[in-house]
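These notes are about the structure you will find just below.
Letters go in sequence order (proteins before strands), and every chain restarts at 1.
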Number of protein chains: 2
Amino acid sequence: MSSELPDKKRISESTIHRLSMYFRTLSLLQKEGYETVSSKELAKREKLTPAQVRKDLSFFGSFGTRGLGYDVVELKAKIGEILGIDRHWKVAVIGIGNIGSALVSYKEFSRQGFHIEKLFDNDQRKIGSNHKGIVVSDIKNLEKEIAEDGIEMVIITVPATVAQYMVDDVVRAGVKAILNFAPINLKVPSHVYLRNENMSMELEYLSFAIVNNHTPKNMK
Amino acid sequence: MSSELPDKKRISESTIHRLSMYFRTLSLLQKEGYETVSSKELAKREKLTPAQVRKDLSFFGSFGTRGLGYDVVELKAKIGEILGIDRHWKVAVIGIGNIGSALVSYKEFSRQGFHIEKLFDNDQRKIGSNHKGIVVSDIKNLEKEIAEDGIEMVIITVPATVAQYMVDDVVRAGVKAILNFAPINLKVPSHVYLRNENMSMELEYLSFAIVNNHTPKNMK
DNA sequence: TTATTCATGTGAAATGCTTCACAAGAAATT
DNA sequence: AATTTCTTGTGAAGCATTTCACATGAATAA
Ligand SMILES: NC(=O)c1ccc[n+]([C@@H]2O[C@H](COP(=O)([O-])OP(=O)(O)OC[C@H]3O[C@@H](n4cnc5c(N)ncnc54)[C@H](O)[C@@H]3O)[C@@H](O)[C@H]2O)c1
Ligand SMILES: NC(=O)c1ccc[n+]([C@@H]2O[C@H](COP(=O)([O-])OP(=O)(O)OC[C@H]3O[C@@H](n4cnc5c(N)ncnc54)[C@H](O)[C@@H]3O)[C@@H](O)[C@H]2O)c1
């Protein structure tokens, strides 16, 4: 809050992903009883260079102590703040099928601040049913309920053929970010953030690697 | 096969991911009745520059016709060959819980050459049960059955606490690639390829973007 | 107190990736 | 047949990211 991020618009996607990795590893270090950790140790666990770790952090401030390293609890809190996971995010899942219901039952999300509070489907057998304490709403009320509840993030797990309609609806309802599992290129206005989760792509990467004996520098 | 890839070890991860995207879009173009496509049109659909599309393809050969573009069917076949999805991959899923069973019921994978042929779990209620025509095997037989069946890829959907044991087993059994859903840094020998699917990371990216008003060049 | 050790934070260099710009070649047009 | 139009394929330039290398400063030990 107090100290503004320097040039925060230019932070790379890779840096943000690495911050997520540091956060998870810091949680682990905390459990293991470490009080401090060096960029060297953190780098070793992530298979990165110590310079990379320090550079990533340096975009956001100076969090370490020379000669000692970083305070585990403090750095974890700081990264949580940077990532915005020190707050309560209201999330809805649209399409309570195979993947959708798997996500709903995943407890780890709420521990990271992502609280699934609304579920939607168009299947009469699913509407009204209870998943982990949440009753599935009729998709007809999508826009209205999302807006009323102040949902900020939406996870799309409907068939690709209807995904764009869902997006158009939730965008109108004021949603700020969408995580999409349908294998299709969705259109969103520039003020809405969109990420795609594509499992086929990862399998294809592995296939390519095997067939071509691929040995890249960073096999993330 | 005949024409060897030029310096194929140095192809970037991004290029390979984009090849997957081109492949999917070419399938769509084919359905829409297009016979040819230009780098300009392909780029527009992926929100890339035409130069990027041409450069990506140029690493693997010359597939286009000047003044005309690329033959949709031909280019799709060529990319399929490059990615290694023009063949039959034997895949096993380890851990038939929420995510694992969602993956098993996903038909799209087999259309891309990834055939899930073995399922494993340690839960007596699940062992012997039938998922989409496949009977769940006892995890005790993991190494033996993977080796016997010649499974080359494995998807890990067990709790993080036991994921490394599964990896060690399947590595011994000769598996070449692993797609891991457990939120943990797994160790594999250098001849085995590993990719991690991490949904929390994507939600965290969205959280960061909202909180910081992030506007990167490439929001993939 | 002073010396030594350790590890950060950061400009600068090195490396990697994307875009530019244009020659070359194929198709369509006159 | 010649000309125009179109789009590829690719060195080179431009930009972005990673790594190097070291001055700086804190902690620890003597
Ligand atoms: N299952 C997987 O492992 C997997 C993997 C990768 C991608 N995906 C993608 O995720 C999406 C969901 O996959 P799935 O396997 O869970 O499918 P699914 O058919 O099990 O689930 C889809 C759900 O969406 C609901 N739905 C359909 N039309 C709707 C509409 N108009 N409004 C509201 N709800 C509607 C259905 O009732 C169903 O509950 C698909 O786009 C799929 O391609 C799935
Ligand atoms: N469900 C999600 O949406 C989600 C999202 C992201 C990541 N993940 C990760 O995916 C993994 C699976 O998640 P899930 O929600 O499907 O959990 P789950 O508990 O539903 O499934 C885990 C399965 O693994 C089996 N298992 C446990 N120990 C085993 C062993 N030693 N050998 C063989 N099988 C064993 C269990 O019997 C169960 O069927 C976890 O690591 C989780 O963190 C899940």
Side-chain angles (χ1 to χ4, degrees), chain A residues 3 5-19 21-22 26 29 34-72 74-75 78-79 214-220, chain B residues 3 5-19 21-22 29 34-72 74-75 78-79 82 214-220:
Chain A
S3 62
L5 305 183
D7 209 2
K8 61 189 168 188
K9 312 252 164 172
R10 308 201 128 268
I11 303 297
S12 76
E13 179 178 318
S14 317
T15 290
I16 301 164
H17 276 163
R18 283 191 299 267
L19 289 182
M21 291 162 52
Y22 303 152
L26 286 164
L29 286 164
Y34 287 83
E35 300 224 320
T36 60
V37 65
S38 64
S39 59
K40 194 176 161 192
E41 172 65 18
L42 216 37
K44 200 181 118 202
R45 297 203 177 210
E46 313 289 0
K47 293 203 190 124
L48 300 169
T49 64
Q52 179 78 83
V53 173
R54 294 199 300 274
K55 182 65 92 179
D56 283 337
L57 297 175
S58 78
F59 294 129
F60 302 95
S62 303
F63 311 123
T65 305
R66 289 175 146 106
L68 188 63
Y70 304 90
D71 181 284
V72 170
E74 195 181 303
L75 184 59
K78 196 73 207 173
I79 292 177
H214 194 233
T215 53
K217 292 254 172 53
N218 298 315
M219 184 99 183
K220 273 180 266 184
Chain B
S3 62
L5 304 184
D7 208 1
K8 63 189 167 188
K9 312 252 165 172
R10 309 202 126 267
I11 303 297
S12 76
E13 180 178 316
S14 317
T15 290
I16 301 164
H17 276 164
R18 284 191 299 266
L19 289 182
M21 291 162 53
Y22 303 152
L29 286 164
Y34 288 83
E35 301 224 321
T36 60
V37 65
S38 63
S39 59
K40 195 175 160 191
E41 171 66 17
L42 216 37
K44 200 181 115 202
R45 298 202 177 213
E46 314 289 0
K47 293 204 189 123
L48 301 169
T49 63
Q52 179 77 83
V53 173
R54 295 199 299 274
K55 182 65 91 180
D56 283 336
L57 297 175
S58 78
F59 294 129
F60 302 95
S62 303
F63 311 124
T65 306
R66 288 174 145 105
L68 187 63
Y70 303 90
D71 181 285
V72 170
E74 195 181 304
L75 184 59
K78 196 70 206 178
I79 293 177
I82 293 165
H214 196 234
T215 51
K217 292 251 173 52
N218 298 313
M219 185 100 184
K220 272 181 270 183

query: Hey, does the side chain of B:Y70 come within less than 4.0 Å of D:dG9's phosphate (OP1/OP2), counting only N and O?
result: yes
query: Could you give the NZ-to-P distance, from A:K44 to C:dA7, as a whole number of Å?
result: 13 Å
query: Quick one: which of C:dT19, C:dC17, D:dG9 gets closest to the side chain of B:S12?
result: C:dC17
field: Rounded interatomic separation in angstrom, taking CD from A:E13 and C1' from C:dC17
entry: 14 Å
message: Nearest to the A:S38 side chain among C:dT8, C:dT10, D:dT10, which nucleotide is it?
response: C:dT8
Partners passing side chain to side chain contact (heavy atoms under 4.5 Å, CB included) against B:T36 (at least two apart in sequence or in another chain): B:L68
message: Using whole Å, what does the distance between atom C1' of nucleotide D:dT7 and atom CG of B:L75 come to?
response: 14 Å
message: Looking at D:dT8, I'd like to know if its phosphate oxygens (OP1 or OP2) sit under 4.0 Å from a side-chain N or O belonging to B:R54.
response: yes
message: In whole Å, I'd like the distance from the NZ atom of B:K55 to the C1' atom of D:dT8.
response: 12 Å
- prompt: With sequence neighbours left out, what residues match A:Y70 under side chain to side chain donor-acceptor pair (under 3.5 Å)?
  reply: none
- request: Grab the CG-P distance between B:D56 and C:dT18 for me, whole Å please.
  value: 7 Å
- line: Residue set satisfying salt bridge (Lys or Arg N to Asp or Glu O under 4.0 Å) with B:R45, at least two apart, ordered chain then number -> B:E32, B:E41
query: Would you say A:L19 and A:F60 make side-chain contact, with heavy atoms under 4.5 Å?
result: yes
Rounded distance (Å) that lies between atom P of C:dC17 and atom CD1 of B:I16: 10 Å
- request: Round to the nearest Å and state the distance from B:K47 atom NZ to C:dT19 atom P.
  value: 15 Å
- request: Applying side chain to side chain contact (heavy atoms under 4.5 Å, CB included), name anything that partners B:S12, two or more places apart in sequence or on another chain.
  value: B:S14, B:T15
- request: Taking all non-hydrogen atoms of both residues into account, name the closest pair between B:T49 and B:A43 and its distance.
  value: C-CB, 3.5 Å
- request: Kindly compute the distance separating CD1 (A:I79) from CD1 (A:I16), expressed to the nearest 0.5 Å.
  value: 12.5 Å
- prompt: Looking at D:dT8, D:dT18, C:dT8, which one has an atom nearest to any side-chain atom of B:S39?
  reply: D:dT8
- request: State which of C:dA21, C:dT18, D:dT18 makes the closest approach to the side chain of A:R18.
  value: D:dT18
field: Phosphate-side-chain proximity, A:S14 and D:dT17, N/O vs OP1/OP2 below 4.0 Å
entry: no
query: Base, backbone or nothing for each nucleotide of nucleotides 24-30 of chain C, written B, S, -, heavy atoms under 4.0 angstrom, 5' to 3'?
result: BBS----
- request: Under 4.0 Å between any heavy atoms, over every strand shown, what does B:K40 touch: base, sugar-phosphate, or nothing? Just pick one.
  value: nothing
- prompt: Taking atom P of D:dG11 as reference, at what distance in whole Å does atom CZ of B:F59 sit?
  reply: 11 Å
